[in-house]
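Each chain gets a letter, A, B and so on, in the order the sequences are listed, and its residues count up from 1.
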Amino acid sequence: VDTGEILNKLKKAIPGSVLETSRFGRSDQHAFWLEVRSLAQVAAFLKDEPAIALDWVENLSAIQLDQALVATYFLRSSIHPHTLILRISIVPESQAKEVQLPTVTASWQMAEPFEIEIQELFGMRFTDAEGRPAHVGAQRLPKGWNGFPLRKNYVFPTQFLGIPHSRKSLGAGGSGR
Amino acid sequence: MNDHQPLECLNTDLSSWEIGPYHGALPGPMKLRLKLDGEIFVSGEVETGYLHRGLEKAFELHSWQASIAYADHLDPEGAAFGELALCLAVEDIAEIEVPARAQCIRVIVSELARVSSHMGFIVRMARAVGAETMVHYVLRDRERILDLFELLTGARFSLNFLRFGGVKADVTEGFIERVLEVCDLTQVRLKEYNDLFTFNHAFLKRTAEIGILTPALVAKYGVTGPTARAAGVDFDVRKRYPYIGYEGLDFQMPVESSGGGAHSRFLVHLREIAQSVSILRQSAERVPPGDFAIARIEKEFAVPEGEGYARIESARGLLGCHVVANGSTNPARVQFRTPTSSHLLLVPELITGRSIEDLPVLLASLDLSMAEADR
């Protein structure tokens with residue numbers, strides 16, 4: 001099944017889910033830009049439709065492009081030779097605010113470690129079908145950490161546990177590297 | 001749940017046990033929160049992040065030229081793999097054609113890194129079962145691989161050797177001869193390891209029934225590399241999506257169809273060393289003439305706006321790298337998909353129903369690298 005056929009099947013099964021398609025970088029691969037709320041439904045369709053059977057989330061990557069937070073899902077099938085890239089984009093109300101998006105772990109449990117990491121480092125909170133947080137208790141950053149470190153506007157802390165650690169704080173006699 | 005029968009529980013009150021973040025039985029800084037019924041684990045949770053170094057953020061704050069050195073630190077035991085994944089993604093964005101000689105040298109470095117990392121795996125397995133002799137034998141042999149890295153790159157672990165469009169330095173006649181010598185030696189050593197260890201009854205007893213991994217669990221958690229192949233799943237990026245010339249090399253993909261336990265993982269690692277030796281021989285005997293790099297990469301080097309994704313087979317499994325460039329001298333984003341992030345999900349699943357003494361063997365057999373999981 002080529003990308004065009006997958007697109008047609010997807011548009012037919014879940015109308016309005018694909019906002020646009022674009023080439024991924026300079027590769028021959030196409031990425032489908034999805035309507036955020038349709039993500040979990042699209043995931044279930046792509047995995048369960050036998051002719052498509054995209055059963056692997058090989059990678060889930062996030063990036064901030066201008067104000068928008070973009071998640072990219074690199075999918076492949078263990079049965080068929082095809083791969084696919086899905087993308088969603090959300091603009092947070094402010095750079096200090098989290099955004100919410102649906103988890104895909106009901107279809108692809110292997111996406112869990114990626115989602116947990118993105119949740120804390122980008123402030124993109126994944127929710128289940130009822131809108132509840134999908135990864136409660138998962139904690140990578142120290143408790144009480146301020147900000148989302150992989151966002152572009154992140155301001156680095158100058159002290160940890162009350163101890164200054166910037167190079168300036170070392171003073172003239174410091175390592176000065 | 002795994003297929004094997006859990007050990008008999010004593011049905012005592014459950015006790016909680018936390019190990020880590022620093023403990024000799026752990027593969028690196030991490031915390032295990034375990035519930036036990038007597039000596040039997042009834043559940044477990046893994047907490048990570050203790051080795052988080054902000055590596056992906058660091059890429060954004062430094063030049064493209066410096067990024068190779070940062071990629072080394074993704075997994076210090078297999079530094080070449082982080083470098084290679086980054087280079088392939090950047091070369092895709094910038095449409096850089098890499099000379100055949102450089103690609104061949106990259107194959108040699110990658111396979112040496114695989115042998116080195118797999119030997120590290122054998123050492124950890126041997127240590128987990130208390131086979132001290134084996135630890136020293138294999139570390140002695142791994143030194144020969146590290147010597148080769150030192151000869152070629154000047155470094156033994158953090159190589160900083162690959163470059164966008166090639167490698168840092170050319171190989172010499174002496175280096176090729178030594179690679180072939182190490183290939184001969186490793187082949188002899190593999191037989192010795194087998195005689196000493198592989199089918200030793202004590203080792204079999206400690207490993208055969210532990211951490212039985214099924215193809216269903218592999219598919220559920222996204223397990224790749226030798227860990228997946230030891231469960232009967234025949235996927236290897238070098239075969240499925242060949243890169244840097246693997247399509248022209250004659251090698252097999254060892255897959256273990258029976259067992260799926262710690263012993264199967266040990267066997268697959270051993271067999272993969274033999275395959276890497278074969279690849280090293282083929283590559284070292286026909287290094288093509290030509291340039292080893294397209295040009296020197298300076299600090300002002302800028303990658304044109306765009307994005308690329310590369311996937312390679314690291315020693316531990318599928319290593320993906322998503323790179324975004326905005327046309328400046330620094331990366332806009334470098335993200336890695338590391339095999340250990342997925343393999344950690346197996347720990348609670350496989351430990352349930354096993355006893356305390358199995359924990360070090362199980363963890364060692366999953367070949368986890370906390371450096372690449374936390375980044």
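Between atom CE of residue M110(A) and atom CG of residue L345(B) there is a gap of 10.0 Å, rounded to the nearest 0.5 Å. Here the CD1 atom belonging to I116(A) is positioned 8.0 Å from the OG1 atom belonging to T48(B), to the nearest 0.5 angstrom. Here the CG atom belonging to D55(A) is positioned 15.0 Å from the NZ atom belonging to K220(B), to the nearest 0.5 angstrom. Of the inter-residue distances, the one linking K57(B) atom NZ with L150(A) atom CG reads 6.0 Å to the nearest 0.5 angstrom.
The residue among A111(A), A62(A), S27(A), S78(A) with the most heavy atom pairs within less than 4.5 Å of chain B is A62(A). Ranked by heavy-atom pairs shorter than 4.5 Å toward chain B, the options Q109(A), R26(A), E117(A) are led by R26(A). For the options R375(B), E56(B), H52(B), E45(B), heavy-atom pairs under 4.5 Å to chain A are most numerous at R375(B). No other option in D92(B), V233(B), V223(B), L344(B) has as many heavy-atom pairs under 4.5 Å with chain A as V223(B).
With a 6.0 Å radius and a threshold of 12 heavy atoms from other residues, nucleotides or ligands, E20(A) has its CD atom above the threshold. Within a 6.0 Å sphere centred on CD of E247(B), other residues, nucleotides and ligands contribute more than 12 heavy atoms. Within 6.0 Å of CG on N146(A) lie no more than 12 heavy atoms contributed by other residues, nucleotides or ligands. At most 12 heavy atoms of other shown residues, nucleotides or ligands fall within 6.0 angstrom of atom CD in Q252(B). Around atom CZ of R53(B), more than 12 heavy atoms belonging to other residues, nucleotides or ligands sit under 6.0 Å away.
Looking at Y221(B) and E112(A), their side chains never come closer than 4.5 Å, going by heavy atoms from C-beta outward. In this structure, the side chains of Q335(B) and L60(A) stay at 4.5 Å or more apart for every pair of heavy atoms. Under the 4.5 Å side-chain criterion, counting only non-hydrogen atoms from C-beta, E60(B) is in contact with K152(A).
Remark: R76(A) qualifies as a cation-pi partner of F235(B) under the 6.0 Å distance and 45° angle criteria applied to the six-membered ring.
Considering every non-hydrogen atom in both S77(A) and R240(B), the closest pair reads O-NH2, 2.9 Å.
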Worked check of side chain to side chain contact (heavy atoms under 4.5 Å, CB included) between T83(A) and R311(B): CA-CA 13 Å; T83(A) 58; R311(B) 54 169 84 76; 4.1 Å; yes
Passes side chain to side chain contact (heavy atoms under 4.5 Å, CB included), L318(B) versus W56(A)? Steps please. CA-CA 12 Å; L318(B) 192 154; W56(A) 274 70; 6.0 Å; no
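Within the 4.5 angstrom heavy-atom criterion, no atom of Q29(A) approaches chain B. Neither the backbone nor the side chain of R23(A) comes within contact range of chain B, judged by heavy atoms closer than 4.5 Å. For L51(B), no part lies under 4.5 angstrom from a heavy atom of chain A. Only the backbone of A373(B) comes within less than 4.5 Å of a heavy atom of chain A; no side-chain atom from C-beta onward does.
With ring centers used as reference points, F24(A) lies 6.0 Å or more from Y309(B).
Note on R87(A) versus E307(B): salt bridge recorded, some NZ/NE/NH1/NH2 to OD/OE distance being below 4.0 Å. By the 4.0 Å N-to-carboxylate-O rule, E58(A) lies too far from R337(B) to be salt-bridged with it.
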